[in-house]
Amino acid sequence: MNELLAKSALELADMLAAGEVTSVELTEACLERIEKVDGKVRAFLFVDAEGALETAREVDARRAAGEKLHRLAGVPIAIKDNIVVRGKPTTCASKILEGWLPPYDATVITKIKEAGLPILGKTNMDEFAMGSSTEHSAYQTTRNPWDLERIPGGSGGGSAAAVGAFMAPLALGSDTGGSIRQPASVTGTVGAKPTYGTVSRYGLVAMASSLDQIGPVARTVADAAALQELIGGHDRFDSTSLDEPVPALARAVASVSDAAAKPLAGKRIGVIEEIAGGEGFQAGVVAQFDKALDALEKLGAEIVRVSCPSMDYALGAYYLIMPAEVSSNLARFDGMRYGIRVEPKEGPVTAETVMAATREAGFGDEVKRRIILGTHVLSAGYYDAYYGNAQKVRTLVQEDFAQAFAKADVLVSPTAPTTAFKFGEKTDNPMEMYLNDVATIPANLAGIPGISIPVGVAAEDGMPVGFQILAPARADQAMYEVAGALEAGLGEPLASRCPAADWKESE
Ligand code: GLN
């Protein structure tokens, strides 16, 4: 493997700034790696070699002309396929959007283009971001770079696998119930969901608007922080966007990089008892989680135990609120405005029959299941019993967090109860799949930030284990400080040990 590929995004940024490498060289190295290994990983739905190289050439020219550039200028990035890039295919891994070319850029893409990051392409995902394994993609199966027989997590399995397999140093994901953090957890990468409202959702194809948030995927905490800083900020095109300055996240991570200096002295870290082990949690996951708690203590932190009783109901509430919003958001795919249009095989061709035939052919089973569930929970007669009660649980989750944050600066748990499972293990039983998100969903319901960082591999299967850190809303900086210190305390980031680094590329 080209040695540039093993470097972090910020290391590459420094090399670019020092003139030790050009963005064209770097982009070519990523594209070559994609060509050589994506045949087995299948992380990308679309590779934009020409577009990426064009940006790289422009950035190199601007740098040569002495222009002051963004810190990440010239560092390539991959984009989850539910974030629109003008003129490039965006399918959300759904047949219904096949052939659609967005006429505009998402706000995060505008920022990425202005900063000069070459966009390598669009990554695979569960259809419309619904799933935890990327097995619900209508196009292809993405494999985990640690073990090709296992899932890369979901819904953002493509972004996590692209970064984990050294095809891209950075990627963007979206997290509605864990789709950035859980794929990071099972692929040994770092993934963060920012505070709701701090990164614009304009141009993110909506799944559940009150839960969706775009965030960074990387191999180090500092890289994730730098990317979150780049994409953050107020946006008048997103009515839920917070009008607040972006905190200096990368600087916060740099400030804790000396593990010997006990950078977490005085910090209280709360273990959420309801999601820190017990039924459904794999032994090797809990063992690595406990080991990371010891590491945090060595860094000066105090570990406290907190209880959030409503966590037990969070998953249930999510699977009522999320489908309700899904059923409304996905009504726009009607065969007339975007993507494919299918006429009924027989009978009259009316707006209604075309809509029905298009949705029947264009949506996969999981998407249909959620639309039906969502329309049911919103229907007159069931609304109060399901949707109304779920909203009450959502309030309880928020209150539980508020009480827990009075006792601890950040809260922690394993990111997912298990390591990456094998293909097909959970596709026949949606409940089993849903349960993989027990620990990530509460943060979306409360709008608070969360990050997953790799802390080791499970003894029983050798697969990576993710450690989740949650902070109060708008305290993303506190989350990054603890994540950065823990990473420094554990030594070399786990992502660099991914077996994909040693693949024979000629195979
Ligand atoms: N896996 C969860 C779900 O299926 C979360 C999805 C997401 O965050 N987009 O809904």
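Note that ligands are numbered from 1 as they come in the structure, with each ligand's atoms numbered from 1 the same way.
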Checklist entry - So which pairs with a foot in residues 371-385 pass side-chain hydrogen bond (donor to acceptor under 3.5 Å, both in side chains), sequence neighbours left out? => result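 Output for this query is empty, none listed.
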Checklist entry - Which residue and non-hydrogen atom of the protein lie closest to atom 7 (C) of ligand 1, and at what distance in Å? => result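 Here the closest protein heavy atom is S179 OG, 2.4 Å.
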Checklist entry - Are F281 and F289 near enough that their ring centres are under 6.0 Å apart? => result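 So the answer is no for these two rings.
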Report the part of [X] in contact with ligand 1, treating N, CA, C, O as backbone and CB onward as side chain, heavy atoms under 4.0 Å; options are side chain, backbone, both, neither.
X    : answer
A129 : both
M433 : neither
T176 : both

Taking N or O atoms only and a 3.5 Å limit, does [X] qualify as a polar contact for ligand 1?
X    : value
G131 : yes
M207 : no
G177 : yes

Item to check | K426 to F421 six-membered ring, cation-pi geometry met (6.0 Å, 45°) | outcome: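 Satisfied, under 6.0 Å and within 45°.
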Checklist entry - Which word best sums up how the rings of F128 and F363 line up, parallel for under 30°, tilted for 30 to 60°, or perpendicular for over 60°? => result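 Answer is perpendicular, since the angle exceeds 60°.
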Close-contact set for ligand 1 against [X] heavy atoms, below 4.0 Å:
X    : value
M130 : 4 (O)
D437 : 1 (N), 2 (C)
Y319 : 2 (C), 3 (C), 4 (O), 10 (O)
S155 : 9 (N)

Checklist entry - Where do T187 and A160 come nearest, in terms of heavy atoms and distance? => result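 Reported closest heavy-atom pair: OG1-CB, 3.5 Å.
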Checklist entry - With distance as the sole criterion, is a donor-acceptor pair present between the side chains of T419 and Q282 under 3.5 Å? => result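 Their side chains do contain a donor-acceptor pair, which is all the 3.5 Å distance test asks for.
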Next on the checklist: Which residues pass the salt bridge (Lys or Arg N to Asp or Glu O under 4.0 Å) test with D223, not counting sequence neighbours?
Outcome noted: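 D223 satisfies salt bridge (Lys or Arg N to Asp or Glu O under 4.0 Å) with no residue once adjacent residues are dropped.
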Checklist entry - What do you reckon, does R370 put a non-hydrogen atom under 4.0 Å from ligand 1? => result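 Yes, R370 has a heavy atom closer than 4.0 Å to ligand 1.
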Next on the checklist: I'd like to know whether ligand 1 has Y318 as a neighbour, heavy-atom separation below 4.0 Å.
Outcome noted: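 Contact check Y318 vs ligand 1: positive.
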Checklist entry - Can you find a pair of side-chain heavy atoms, one from P417 and one from V438, that are under 4.5 Å apart? => result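 Yes - at least one pair of side-chain heavy atoms lies under 4.5 Å apart.
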Next on the checklist: Could you go through D212 and S174, starting from their C-alpha distance and side-chain angles, then the distance that decides it, and tell me whether this counts as side chain to side chain donor-acceptor pair (under 3.5 Å)?
Outcome noted: CA-CA 7 Å; D212 299 341; S174 70; over 6 Å; no
